[in-house]
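So the structure is just underneath, and the comments pick up after that.
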Amino acid sequence: METYRNRYSLDVTEDDYGKLITVAGWVEDIRNIGSIAFIILRDRKGTLQVTALKKNEPEIFKKIVAISRESVISVQGLCKKSDKARNGYEIIPQEFEVLSTAETPLPLGVVDKVESELDTRLDNRFIDLRKQEIQAIFKIRTAIIASVHDYLRSENFVEVHTPNIIATSSEGGTDVFKLKYFEKEAFLAQSPQLYKQILMATGLDKVYEIAWYFRAEEHNTRRHLNESTAVDVEMAFIKNEEEIMKILENLAYNMWKKASECKEELEILCKEISLPNLPFKRVKYDDVIKKLNDEGSKIAWGEDLGNEDERLLGKIMEDEGHTFYFITKYPIEIKPFYTMPEEEKYSRSFDLECGGIEFASGSQRIHNVELLKKRIKACDLNPKDFESYLKGFRYGMPPHGGFGFGIERFLMELLNITNIRECILFPRDRTRLTP
RNA sequence: GCCCCGGUAGUGUAGUGGCCUAUCAUCCGAGCCUGUCGAGCUCGGGACUCGGAUUCAAAUUCCGGCCGGGGCGCCA
């Protein structure tokens with residue numbers, strides 16, 4: 001054989017009928033009927049059938065019926081029109097090569113009639129990902145990320161890559177992963193927050209990063225990962241947070257829209273996606289508290305929304321016809337130190353929520369170094385630990401703001417996936433460090 | 001970090017002191033079968049998370065470890 005593959009299963013057309021073609025992939029199933037045997041061969045596009053008759057090709061027949069499921073093979077054969085085969089054609093093998101033999105039994109069935117637990121699937125993620133419905137999640141993920149690049153570049157954002165190994169924790173407070181950096185102590189970045197802010201002092205004005213977030217919090221839920229990804233955006237010369245919210249809602253809309261265009265994948269997942277209306281509803285924190293209290297929540301002003309409250313609000317907003325909505329003007333005391341205060345007790349901050357789940361969190365930032373130091377102290381942190389960050393504010397820092405937008409959370413809500421671990425290839429959670 | 005629940009063949013499960021030489025399906029192996037497509041049929045294979053305790057007797061009760069699931073807090 002000159003090549004292992006010159007057609008994918010679903011790319012075969014009527015023009016190929018009667019011709020020699022070469023296909024390759026994984027043996028999904030073998031059905032040996034005695035004098036005739038079928039192989040269901042799977043590649044990234046779908047499956048096709050290889051049909052072998054014992055009397056015509058006894059040698060190939062013998063090899064075919066002996067192969068184990070999920071082995072990798074390449075087959076050259078006659079592409080024959082057939083009403084009995086699902087794709088309308090089948091391959092009559094002339095040459096047959098086993099590229100890799102799968103051991104038996106499989107740790108996880110690809111097309112078995114029993115479900116497997118998520119833990120088993122994650123332990124054998126490479127097999128789990130052979131399922132088209134699992135692949136569909138990541139194909140949609142690719143499409144979403146492509147839309148992030150498309151949209152933000154169309155708005156003249158510059159893509160950046162900031163360090164993941166950093167000297168101080170990004171936002172203080174929450175747990176960070178410690179590591180040894182030669183003779184020094186370092187941390188894994190909780191987010192690119194401090195660096196994307198420093199970049200606002202450069203004149204790049206608009207930056208974004210598809211960033212890794214590392215969080216050492218010992219949570220054990222279906223909504224949390226210790227290593228996750230996000231779209232981080234920061235932009236300068238803004239008058240207020242509304243300018244950032246406009247970018248965010250357009251970004252979210254574009255991501256949602258792009259996902260809705262993944263017809264094949266959505267069909268595999270049996271999902272339908274309807275587009276939200278722009279602009280998204282803005283609700284002030286004060287009004288959120290009122291709404292929640294009216295519905296029986298005991299939340300007091302000044303508290304952050306708990307999980308139950310977030311879900312309740314999601315329901316309330318849904319009833320009012322809003323899937324996506326912003327919660328704005330949070331009390332300054334429940335926001336991180338870099339958040340721009342407003343009036344006495346509020347802040348120029350916002351969260352983007354969808355159906356009771358927080359997708360993104362952002363704000364206008366403080367650009368005055370003295371105010372920033374004051375806020376750092378007020379949050380029980382030491383300005384000395386933030387010296388290299390603060391330096392960026394001393395030699396000309398324009399007003400700026402931005403947000404972080406969790407990609408896995410977004411996918412989860414988009415596709416109604418109940419466990420966030422399904423939305424990332426190799427999840428890192430409280431106990432999982434492999435694969 | 002706190003609380004609740006669980007761990008039985010490769011994968012999923014049934015079994016809550018003796019009916020267990022542990023159920024069923026899937027899977028794996030052998031055989032039959034010329035159109036399968038959740039193929040069918042026959043035969044075979046394979047498991048009680050680990051350590052300790054209670055008991056005449058433990059998959060089953062108790063204690064501890066390990067592993068897993070869920071919730072809360074925190075967050076994205």
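Chain A is the first sequence line, chain B the second, and so forth, proteins listed ahead of strands; every chain is numbered from 1. What you see below is based on every heavy atom in this structure, not just the backbone, and it leaves out hydrogens, waters and symmetry mates.
Taking atom P on both B:U16 and B:C20, the two are 12 Å apart, rounded to the nearest angstrom. For the C1' atom pair drawn from B:U49 and B:C41, the interatomic distance equals 38 Å after rounding to whole Å. Here the separation of B:G65 from B:A22, taken at their C1' atoms, is 26 Å to the nearest Å. Comparing B:A39 with B:G6, their C1' atoms sit 37 Å apart, to the nearest whole Å. Here, B:C19 and B:G31 have their P atoms 38 Å apart, quoted to the whole Å. The gap from the C1' atom of B:U55 to that of B:C63 amounts to 16 Å, rounded to the nearest Å. Comparing the C1' positions of B:C5 and B:A57 gives a spacing of 29 Å, expressed to the nearest Å. B:U21 sits 16 Å from B:G45 when the C1' atoms are compared, rounded to a whole Å.
Note on A:Ile407: nothing from the nucleic acid sits closer than 4.0 angstrom, heavy atoms only. Residue contacts shown for A:Asn87 are absent, as no nucleic acid heavy atom lies under 4.0 Å away. Residue A:Ala37 is out of contact with every strand shown, counting any heavy-atom pair closer than 4.0 Å. In this structure, A:Phe405 reaches neither bases nor backbone, as no heavy-atom distance under 4.0 Å exists between it and the strands shown. The residue A:Glu115 sits close only to the backbone: its heavy atoms come under 4.0 Å of sugar-phosphate atoms, none of a base. A:Arg69 comes within 4.0 angstrom of the backbone, heavy atoms only, and of no base. Within 4.0 Å of A:Gly406, counting heavy atoms only, lies no atom of the nucleic acid at all. Among the heavy atoms of the strands lying under 4.0 Å from A:Glu90 is at least one base atom, whether or not backbone atoms are also near. Within the nucleic acid shown, A:Glu103 has no heavy atom closer than 4.0 Å to any nucleic acid atom.
With values rounded to the nearest 0.5 angstrom, A:Met245 atom CE is found 12.5 Å from A:Gln364 atom CD.
One interatomic measurement links the two molecules: CD of A:Glu70 to C1' of B:U26, which rounds to 15 Å at whole-angstrom precision. Protein atom NZ of A:Lys84 is 9 Å distant from nucleotide atom C1' of B:U34, rounded to whole Å. Between the CG atom of A:Asn307 and the P atom of B:C3 there is a distance of 20 Å, given to the nearest Å. Atom pair A:Ile30:CD1 and B:C27:C1' shows a separation of 13 Å (rounding to whole Å applied). Atom P of nucleotide B:A76 and atom CD of A:Glu227 are separated by 17 Å, given to the nearest angstrom. Atom-to-atom, CD1 of A:Ile36 to P of B:C37 comes out at 13 Å; the value is rounded to the nearest Å. Distance CD (A:Glu310) to P (B:G71): 14 Å, rounded to an integer number of Å. For A:Glu117 and B:G68, the CD to P distance is 12 Å, given to the nearest whole Å.
Place A:Thr431 and A:Gln49 on RNA chain B by their nearest nucleotides, and A:Gln49 ends up nearer the 5' end. Comparing A:Val114 and A:Thr51 by the nucleotide of RNA chain B that holds the closest heavy atom to each, the one mapping nearer the 5' end is A:Val114.
Looking at the side chain of A:Arg215, the nearest of the listed nucleotides B:C28, B:U36, B:A76 is B:A76. In the set B:C74, B:U36, B:C75, B:U36 carries the atom at the smallest distance from any side-chain atom of A:Phe38. Comparing B:G35, B:C74, B:G71 by their nearest atom to the side chain of A:Arg222 picks out B:G71. Relative to the side chain of A:Arg421, the nucleotides B:C74, B:G12, B:G69 differ in distance, and B:G69 lies closest. In the set B:U36, B:C72, B:G12, B:U36 carries the atom at the smallest distance from any side-chain atom of A:Ile33. Checking B:C72, B:U34, B:U36 against the side-chain heavy atoms of A:Thr221 singles out B:C72 as nearest. Checking B:C75, B:A76, B:U34 against every side-chain atom of A:Ser361, the shortest atom distance belongs to B:A76.
No salt bridge links A:Asp123 with A:Arg121; every basic N to acidic carboxylate O contact stays at or beyond 4.0 Å. Ion pair A:Arg141/A:Glu408 flagged as a salt bridge, since at least one NZ, NE, NH1 or NH2 atom sits closer than 4.0 Å to an Asp/Glu carboxylate oxygen. Taking a cutoff of 4.0 Å between a charged side-chain nitrogen and a carboxylate oxygen, A:Glu28 and A:Arg69 do not qualify as a salt bridge. Electrostatic pairing of A:Lys206 and A:Glu159 does not count as a salt bridge here, judged by no charged N lying under 4.0 Å from a carboxylate O.
Taking a 4.0 Å limit (strictly below) on heavy-atom distances, residues 118-126 of chain A reaches RNA chain B at A:Asp119, A:Thr120.
Shown here, B:G6 forms a base pair with B:C67; the pair counts as Watson-Crick or G-U wobble because both key distances fall under 3.5 Å. Across the strands present, B:C56 finds its partner in B:G18; the criterion is a Watson-Crick or G-U wobble pair with both atom distances under 3.5 angstrom. Base pairing of B:G1 is made with B:C72, judged by Watson-Crick or G-U wobble geometry with both donor-acceptor distances under 3.5 Å. Applying the Watson-Crick and G-U wobble criteria (two distances, each under 3.5 Å), B:G44 pairs with B:C28.
A heavy-atom distance below 4.5 Å is not found between the side chains of A:Tyr213 and A:Thr229. Contact of the A:Val148 side chain with the A:Lys258 side chain is not registered, since no non-hydrogen atoms from C-beta on lie closer than 4.5 Å. Using a 4.5 Å heavy-atom threshold, the side chains of A:Arg375 and A:Ile366 count as touching. Two residues are said to be in side-chain contact when any heavy atoms from C-beta on lie closer than 4.5 Å; A:Asp16 and A:Arg7 meet this criterion.
If you check distances only, the side chain of A:Glu308 never reaches the base of B:G73 with a donor-acceptor pair under 3.5 Å. At a cut-off of 3.5 angstrom, the base of B:C75 holds at least one donor-acceptor pair with the side chain of A:Arg409. On a pure distance criterion of 3.5 Å, a polar donor-acceptor pair joins the side chain of A:Lys55 and the base of B:U34.
Contact annotation: A:Arg31 side-chain N/O to B:C37 OP1/OP2 distance is not under 4.0 Å. For the OP1/OP2 pair of B:G71 and a distance below 4.0 Å, the side-chain nitrogens and oxygens of A:Arg311 include no atom meeting the criterion. Phosphate contact (OP1/OP2 of B:U34, side-chain N/O of A:Asn56, threshold under 4.0 Å): absent.
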### Task
Just do the side-chain contact (heavy atoms from CB on, under 4.5 Å) check on A:Val12 and A:Cys79 with the steps written out, would you?
CA-CA 9 Å; A:Val12 173; A:Cys79 179; 3.7 Å; yes
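Residues A:Tyr325 and A:Phe280 keep their aromatic ring centres 6.0 Å or farther apart.
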Could you list, one pair per line, each protein nitrogen or oxygen that sits under 3.5 Å from a nitrogen or oxygen of nucleotides 40-47 of chain B, together with the distance?
none

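Note: A:Phe337 and A:Tyr389 have perpendicular aromatic rings, judged against thresholds of 30 and 60 degrees for the angle between ring planes. A:Phe157 and A:Tyr208 have perpendicular rings, their planes meeting at more than 60° on a 0 to 90° scale where under 30° would count as parallel.
The side-chain contact (heavy atoms from CB on, under 4.5 Å) test with A:Leu199 is passed by exactly one of A:Val158, A:Thr162, A:Leu194, A:Asp205: A:Thr162.
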